[in-house]
Amino acid sequence: MDIERMIIMSLVNDLKFRGLIYGMTDPDLEKALDNEKLVFYMGVDPTADSLHIGHLLACLVAKRLENYGHMPILVIGGGTGLIGDPSFKSQERQLLSIETSLKNAEGISRQVRKLLPDAKVVNNYDWLSSLNAIEFLRDIGKHFNVAYMVAKDSVKSRIETGLSFTEFSYQIIQAWDFEHLYANHGCTLQIGGQDQWGNITAGMELIRKLHGSDAKAYGFTFPLVTKADGTKFGKSDGGNLWLDPEKSSPYEFYQFWINTADDDVILRLKQFTFLDEKEIEDISRKFIEAPHERLAQKILAKELTDLVHGEAACLEAIKISEALFSGEIHTLTKAEIAMGFANLIDKCIASDSSLVDLMIDLKLASSKREARELIQGGAVSVNGNKISDLNFTVSKRQAIEETYTVIKKGKKAFAIVEHQ
RNA sequence: GGAGGGGUAGCGAAGUGGCUAAACGCGGCAGACUGUAAAUCUGUUCCCACCGGGUUCGGCAGUUCGAAUCUGUCCCCCUCCA
């Protein structure tokens, strides 16, 4: 990006252009964001050992602030995760065990260091775990009025349907995080998704009570990522799409973005990429002229796969995608497959076996019956050729260079067999 | 504690003794059309299976030649009363 533009473009204007500002606790924050160097934090609950795509937006917002000169702290909710945030949740959450929480925290921390190399990563378990009940009630609890806590939208609905004291207390605990960081790290800004508003303002409240009314602390929230068709963003095949390449391959990650709906794709470029306003307008214009070329999706998928998985993995994902969707699988060489599909070779077989059985082994079907239904329905192809014979045998002799066989189910699911 | 209503496949919802593995809608998975899109149309969707077989309608125990449907009992949910 050219430096001149970076200086001219204000951070707040950029965030607004990208639709990333949902709420700001204080109009002064705009000035502070543009003109000061703030220490800010965001929190992540260690509910799994990897971040998923739902966390990506938050990380990228943090990166935008970091690029502008603000200093990020990532708080892993090792302690708060043990309590469970009730905000806008319809049900009481399953409690994490301490071991799981700490183990997950480690995985998340590793990932965050890749995305935000300069961020300070801390785990609130470190300060929350030593807090005792008396201290908690006297020093912190005393500053919260129950009426104030109950009035929050984030817990209101749960008051009727059931909310344990544990989860009800959550906002106080998170408030204390903010205060702790304010006091120990000079952190004056908390960012989070729109559901975090209640927790953020609780923290500001506590900071004011403990440090006086001239103590400046801010919060801002970004909107929930929504899809034009109303379905939930971030799921792939019914499961989460993870940032960990072991849990979701770079190919899957690339495919997730390439499949972005036309109605959403320009917004995604704004929200998720670092392309500037002019570049995005340019892409948008070309995209509207020739939507079938899917330029916007391709750029979106490339930018993000590159960012999250690195250039090599990104190129590999693109290569796999092109080979699979052009139908020219049989033209690939053994070496190209070995390189491009390295992480996706699922199964080695010594002897020839039936397609039906292989599909089960490769998890393309859950039973022989299902495999047969798919073959009969014309959904299965081997090395690019549609198969309709239920007794088809996958053999080394017919494999690509007698080494690889690519089995594809439907348009998007496939697996590779390496023959020995 | 009392009165009433209800629990059917992933979800919603019909069915109220045999024709019911259970209508219909959604969701899922495929096929066609396309742009790996949307919309639309088609097929499929309890489990296993080549024929065919197995297990279902909150749980258990009964009645019956035969039950999701009738009886008893237990569990759970909702509404009203105390």
Side-chain angles (χ1 to χ4, degrees), chain A residues 90-92 157-158 160-162 226-241 248-269 272 283-305 314 316-329 332 340-341 344 353-382 384-393 406-416:
Chain A
S90 56
Q91 281 187 342
E92 189 86 3
S157 62
R158 285 282 299 281
E160 321 243 311
T161 58
T226 54
K227 296 205 328 191
D229 65 5
T231 57
K232 199 170 167 57
F233 170 80
K235 298 287 179 182
S236 110
D237 298 328
N240 279 322
L241 190 70
S248 299
S249 70
Y251 167 77
E252 285 175 85
F253 187 84
Y254 181 83
Q255 284 292 316
F256 172 83
W257 296 105
I258 212 89
N259 282 306
T260 303
D262 289 9
D263 288 345
D264 292 324
V265 71
I266 299 300
L267 178 61
R268 295 290 177 267
L269 284 171
F272 286 92
I283 294 163
S284 177
R285 199 172 44 247
K286 287 182 187 153
F287 174 65
I288 289 163
E289 275 169 23
H292 58 281
E293 281 171 14
R294 296 184 305 131
L295 177 70
Q297 279 92 342
K298 284 178 185 164
I299 291 174
L300 177 68
K302 182 171 184 303
E303 287 286 319
L304 285 166
T305 310
C314 176
E316 192 177 291
I318 293 173
K319 191 179 175 111
I320 296 172
S321 297
E322 280 172 358
L324 283 167
F325 289 98
S326 68
E328 303 293 302
I329 295 165
L332 290 173
F341 296 61
L344 294 157
S353 50
S354 84
L355 178 58
V356 167
D357 290 337
L358 265 177
M359 284 179 68
I360 297 168
D361 289 345
L362 296 168
K363 303 206 166 55
L364 292 176
S366 61
S367 69
K368 288 189 181 186
R369 178 187 49 76
E370 195 184 334
R372 284 199 176 88
E373 277 173 12
L374 288 164
I375 293 169
Q376 278 168 341
V380 180
S381 72
V382 172
N385 304 312
K386 190 154 281 189
I387 301 300
S388 54
D389 177 11
L390 290 178
N391 299 314
F392 187 88
T393 302
V406 179
I407 301 173
K408 189 165 153 195
K409 181 203 90 171
K411 284 198 177 71
K412 297 173 187 174
F414 71 95
I416 295 173

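This one's a predicted model, so the numbers in the text were calculated from it and none came from an experiment. Chain letters run A, B, ... following the sequence lines, proteins first and then strands; every chain starts at 1.
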- prompt: Given the C1' atoms of B:rG7 and B:rU69, what is the spacing between them in whole Å?
  reply: 15 Å
field: Whole-Å C1' distance, B:rG17 and B:rC81
entry: 37 Å
Using a cutoff of under 3.5 Å, can you pull out all pairs of nitrogen or oxygen atoms linking the protein to nucleotides 43-48 of chain B, with atom names and distances?
| from | atom 1 | to | atom 2 | distance (Å) |
| --- | --- | --- | --- | --- |
| B:rC48 | OP2 | A:S367 | OG | 3.4 |
| B:rC48 | OP2 | A:R369 | NE | 3.4 |
| B:rC48 | OP2 | A:R369 | NH2 | 2.5 |

- request: Specify the separation, in whole Å, of atom CG of A:L390 and atom P of B:rA49.
  value: 13 Å
Whole-angstrom distance between B:rC48 and B:rC60, as gauged at atom P: 23 Å
- prompt: Considering every strand shown, what is the Watson-Crick or G-U wobble mate of B:rA22 when both distances are under 3.5 Å?
  reply: none
- prompt: Given the C1' atoms of B:rC46 and B:rC11, what is the spacing between them in whole Å?
  reply: 15 Å
C1' gap between B:rU36 and B:rA49, integer Å: 34 Å
field: Non-hydrogen side-chain atoms of A:D262 and A:Q297 separated by less than 4.5 Å
entry: yes
- request: Answer with yes or no whether the side chains of A:S248 and A:E252 bring together a donor and an acceptor at under 3.5 Å.
  value: no
- request: Figure out the CG/C1' separation between A:L374 and B:rG28, and round it to whole Å.
  value: 13 Å
field: Counter-base of B:rA9, judged by Watson-Crick or G-U geometry with both distances under 3.5 Å
entry: none
task: Considering only atom C1', compute the distance from B:rG18 to B:rG66 and round it to an integer number of Å.
output: 6 Å
- prompt: When you measure from the side chain of A:E289 to the backbone N and O of A:K286, does any donor-acceptor pair fall under 3.5 Å?
  reply: no
statement: Result for side-chain contact (heavy atoms from CB on, under 4.5 Å) between A:V265 and one of A:L295, A:I283, A:N259, A:T260 points to A:T260
query: Just by modelled atom types, is the A:L324 backbone N or O under 3.5 Å from a matching donor or acceptor in the A:K408 side chain?
result: yes
Spacing of the C1' atoms in B:rA61 and B:rA67 (rounded, Å): 14 Å
field: Counter-base of B:rA68, judged by Watson-Crick or G-U geometry with both distances under 3.5 Å
entry: none
- request: Just do the ring pair (Phe, Tyr, Trp, His ring centres under 6.0 Å) check on A:F414 and A:F325 with the steps written out, would you?
  value: CA-CA 11 Å; A:F414 71 95; A:F325 289 98; 8.2 Å; no
message: Among A:N391, A:T393, A:I375, A:V380, which residue satisfies the side-chain contact (heavy atoms from CB on, under 4.5 Å) criterion with A:V356?
response: A:I375
- prompt: Reading nucleotides 31-40 of chain B 5' to 3', which nucleotides get B (base under 4.0 Å from a protein heavy atom), which S (sugar-phosphate only), which -?
  reply: SSBBBBB---
task: Provide the distance between the two P atoms, one in B:rA37 and one in B:rG28, to the nearest whole Å.
output: 14 Å
message: Within the 4.5 Å heavy-atom criterion, are A:K227 and A:R268 side-chain neighbours or not?
response: yes
- prompt: Is there a Watson-Crick or G-U wobble partner for B:rU79 with both distances under 3.5 Å, and which nucleotide is it?
  reply: B:rA3
field: Non-hydrogen side-chain atoms of A:K368 and A:D357 separated by less than 4.5 Å
entry: yes
